[in-house]
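What follows is a short report on a single structure.
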Amino acid sequence: MRRRVLWVVLGVVLAVLLAAVAFRRSETARLDWDEIGPDDPRVQGVFRALEQHGLGVAMDSLVREAAADSVVLRGGHQLAHALGRRSLALNGGDPAVIAECRPEFGAGCFHGVVEAYLNASGGIDMGVLERMCAGAGGKKGPGAVYECMHGLGHGVVGVLGLDYARALGYCDSLSRPRFDTSCQEGVFMEAIDAAIADSSAGSHHAHHGHMGGGEARIHVVAGDPYSPCSAMTDAHANSCWIFQGFLILRDTRFDPAAALRLCDVAPGGRAARCYQSIGHQVTGLLQRDDAWTLRQCGKGRPELAAQCAAGATLALNAIDWSGAHSARFCGAAPAEWKPTCYAASATSLTYYAPRDQVERFCKDSGSEYADTCRRAAAAAERS
């Protein structure tokens, strides 16, 4: 993530994911949404590989280029989006190509395939799209299904001209709350990404939908660290707030301690969710080691610091669907944070890993935390 990323984190996330837009602390803390595109000479070989050898080889090529070039790494999520879009076209518009996508770069490939399919279809049939996403799953776990659902959010709000309210209504029509949540987060990620671009000096960001004029576009209010999510007061607000941390970090020049202080007074009782968002974003964006992330979370209020660690696990699971990294992270957390950390990680891991793998994660957490971990996973699976 997250994804989802996430913002990158997904997100990702993400899922992101804003979570997929990674940079090292030693580099300038600058994010340029149009820094690199598919026509850039640095990635031309990646897209030639797609045309000549298919999506799997192209993804391998993108991974290699990102390892060698920080600009490609920062743009990896959007480049993976582009690979997904082009792979659908090369496959004659058959969305079955989504099964060849992989989770690297905040699962951008999944999102790109869905966006391209929606733009080509001329209509939104959520039943058809849900079945398409269900077909992306396999024996390795449900991760591809949920990344596809997240991609639906990106795609639907895009073809609706960034009318996020209408897009959320489509998400609500999916058959399970878990699907709805993944879709909602995709909507907010796409809509907030566009709002950031719109608010940037000199930006000419354009998002052309063919099914609406964007009458309910999200707007970021300059100088308000809680915009736009503070305006969300309904059941969708939680999905928005997982991305608010990026905007708060941006306003504090990516100083986690300052960002957490702003979360302390977040409106609408959103302090805990805001802490989760900061943990989610710094993990995905800054790509530092676990000890550093835990130290940053520790700079917040003691009663909320565990929520920051919980948010970090959302990004870690979106990156590593096995749960191994989040297990190490929670294992290194202070004892008083561990129940929250393991429970949050188990909850998000149910979106990515098979049930037996989630059970191993909980068992390996230790006898003191295993029951809390299992209860959280069971509650998540029932949703």
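Start at 1 with the first residue, then count along the sequence.
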Could you tell me whether a side-chain N or O of W241 sits under 3.5 Å from a main-chain N or O of C229, the two making a donor and an acceptor?
-> yes
Which residue pairs satisfy the salt bridge (Lys or Arg N to Asp or Glu O under 4.0 Å) criterion with at least one member in residues 226-246, sequence neighbours excluded?
-> none
Scan for disulfide (SG to SG under 2.5 Å) pairs involving residues 44-123, sequence neighbours excluded, and state none if there are none.
-> C101-C109
Kindly indicate whether the side chain of V156, heavy atoms from C-beta on, has any atom under 4.5 Å from the side chain of M126.
-> yes
Under 3.5 Å side-chain donor-acceptor pair for R217 and Y164 | no
Could you tell me whether a side-chain N or O of S121 sits under 3.5 Å from a main-chain N or O of L118, the two making a donor and an acceptor?
-> yes
Kindly say whether the aromatic ring centers of F243 and F188 come within a distance under 6.0 Å.
-> no
Hey, are R261 and D264 close enough for a salt bridge, meaning a charged N less than 4.0 Å from a carboxylate O?
-> no
State, to 0.1 Å, how close A259 and L249 come at their nearest heavy-atom pair, and which atoms those are.
-> CB-CD2, 3.7 Å
Do T340 and Q307 have side-chain N/O donor and acceptor atoms under 3.5 Å apart?
-> no
Quick one: does M132's side chain get under 4.5 Å of C148's, heavy atoms only?
-> yes
For T313 and S326, what are the C-alpha separation, side-chain angles and deciding distance, and is it a side-chain hydrogen bond (donor to acceptor under 3.5 Å, both in side chains)?
-> CA-CA 5 Å; T313 69; S326 62; over 6 Å; no
Pairs satisfying disulfide (SG to SG under 2.5 Å), at least one member in residues 347-383, at least two apart = C362-C373
Indicate yes or no for a side-chain donor-acceptor contact from T181 to the backbone of P177 under 3.5 Å, with no hydrogens or angles considered.
-> yes
Contact check, side chains of M149 and L129, non-hydrogen atoms, under 4.5 Å | no
Can you find a pair of side-chain heavy atoms, one from L79 and one from I36, that are under 4.5 Å apart?
-> yes
Under 3.5 Å, is there a donor-acceptor pair between the side chain of S383 and the main chain of A380?
-> yes
For D39, enumerate each residue passing the salt bridge (charged side-chain N to carboxylate O under 4.0 Å, His left out) test, keeping only those at least two apart in sequence or located in another chain.
-> R86
Can you list the residues that meet the side-chain hydrogen bond (donor to acceptor under 3.5 Å, both in side chains) rule with K363, with sequence neighbours excluded?
-> none
Does Y369 have any ring pair (Phe, Tyr, Trp, His ring centres under 6.0 Å) partners at least two apart in sequence or in another chain, and if so, which?
-> Y342
For E303, all residues meeting salt bridge (charged side-chain N to carboxylate O under 4.0 Å, His left out), sequence neighbours excluded = R301
Could you list all the salt bridge (Lys or Arg N to Asp or Glu O under 4.0 Å) pairs where at least one residue sits in residues 114-123, not counting sequence neighbours?
-> R85-E115
So, N91 side chain and G93 main chain: donor-acceptor pair closer than 3.5 Å or not?
-> no
Look up atom SG in C308 and atom CG in L260, then write down how far apart they are to the nearest 0.5 Å.
-> 5.5 Å
Side-chain contact test, heavy atoms from C-beta onward, threshold under 4.5 Å: evaluate it for L247 versus S227 and give yes or no.
-> no
Which atom pair, heavy atoms only, marks the closest approach of V220 to A195?
-> CG2-CB, 3.7 Å
Looking at A353 and V358, what are the two nearest heavy atoms and their distance?
-> O-CG2, 4.0 Å
Distance-only side-chain donor-acceptor flag, D40 / Q44, under 3.5 Å = no
Donor-acceptor pair, side chain of E130 and main chain of S175, under 3.5 angstrom = yes
For the side chain of N317 and the backbone of S345, is there at least one donor-acceptor N/O pair under 3.5 Å apart?
-> yes
Taking only residues two or more places apart in sequence, or in another chain, which ones meet R355 in a salt bridge (charged side-chain N to carboxylate O under 4.0 Å, His left out)?
-> E381
Verdict with supporting geometry, Q281 and S277, side-chain contact (heavy atoms from CB on, under 4.5 Å) | CA-CA 6 Å; Q281 297 300 328; S277 184; 4.1 Å; yes
What pairs with F110 under ring pair (Phe, Tyr, Trp, His ring centres under 6.0 Å), at least two apart in sequence or on another chain?
-> none
Apply the test salt bridge (Lys or Arg N to Asp or Glu O under 4.0 Å) to residues R176 and D180: give CA-CA distance (whole Å), side-chain angles for both, the deciding distance (0.1 Å), then the verdict.
-> CA-CA 6 Å; R176 295 188 65 186; D180 184 5; over 6 Å; no
Using modelled atom types only, decide if a donor and an acceptor are shared between the side chain of Q244 and the backbone of C274 within a distance under 3.5 Å.
-> no
Are side-chain N/O atoms of T283 and R288 paired as donor and acceptor at under 3.5 Å?
-> no
List the steps, then state whether side-chain contact (heavy atoms from CB on, under 4.5 Å) holds for I218 with M232.
-> CA-CA 10 Å; I218 280 178; M232 310 295 164; 4.0 Å; yes
Can you establish whether the number of heavy atoms outside E336 located under 6.0 Å from its atom CD is more than 12?
-> yes
Check: Y226 and V221 side chains under 4.5 Å, non-hydrogen atoms = no
W321 and E147: side-chain contact (heavy atoms from CB on, under 4.5 Å), yes or no, with the steps?
-> CA-CA 11 Å; W321 292 4; E147 288 296 353; 3.8 Å; yes
Would you please name every residue forming a salt bridge (charged side-chain N to carboxylate O under 4.0 Å, His left out) with E104, sequence neighbours left out?
-> R102
Should D193 and Q78 be marked as a side-chain contact (heavy atoms from CB on, under 4.5 Å) after you check the CA-CA gap, both sets of side-chain angles, and the distance that decides it?
-> CA-CA 11 Å; D193 178 4; Q78 294 303 325; 4.0 Å; yes
Check the surroundings of atom CZ in F329: do more than 12 heavy atoms from other residues, nucleotides or ligands lie under 6.0 Å from it?
-> yes
Apply ring pair (Phe, Tyr, Trp, His ring centres under 6.0 Å) to Y275 and list each qualifying residue two or more places apart in sequence or on a separate chain.
-> none
Say you draw a straight line from CZ of F105 to CE of M59; how long is it, rounded to the nearest 0.5 Å?
-> 6.0 Å
Distance-only, no hydrogens or angles: does the D320 side chain make a donor-acceptor pair with backbone N or O of H325 under 3.5 Å?
-> yes
Is there side-chain contact between I278 and Q296, with at least one heavy-atom pair below 4.5 Å?
-> no
Looking only at atom types and distance, does a side-chain atom of S87 sit under 3.5 Å from a main-chain N or O of L83, one as donor and one as acceptor?
-> yes
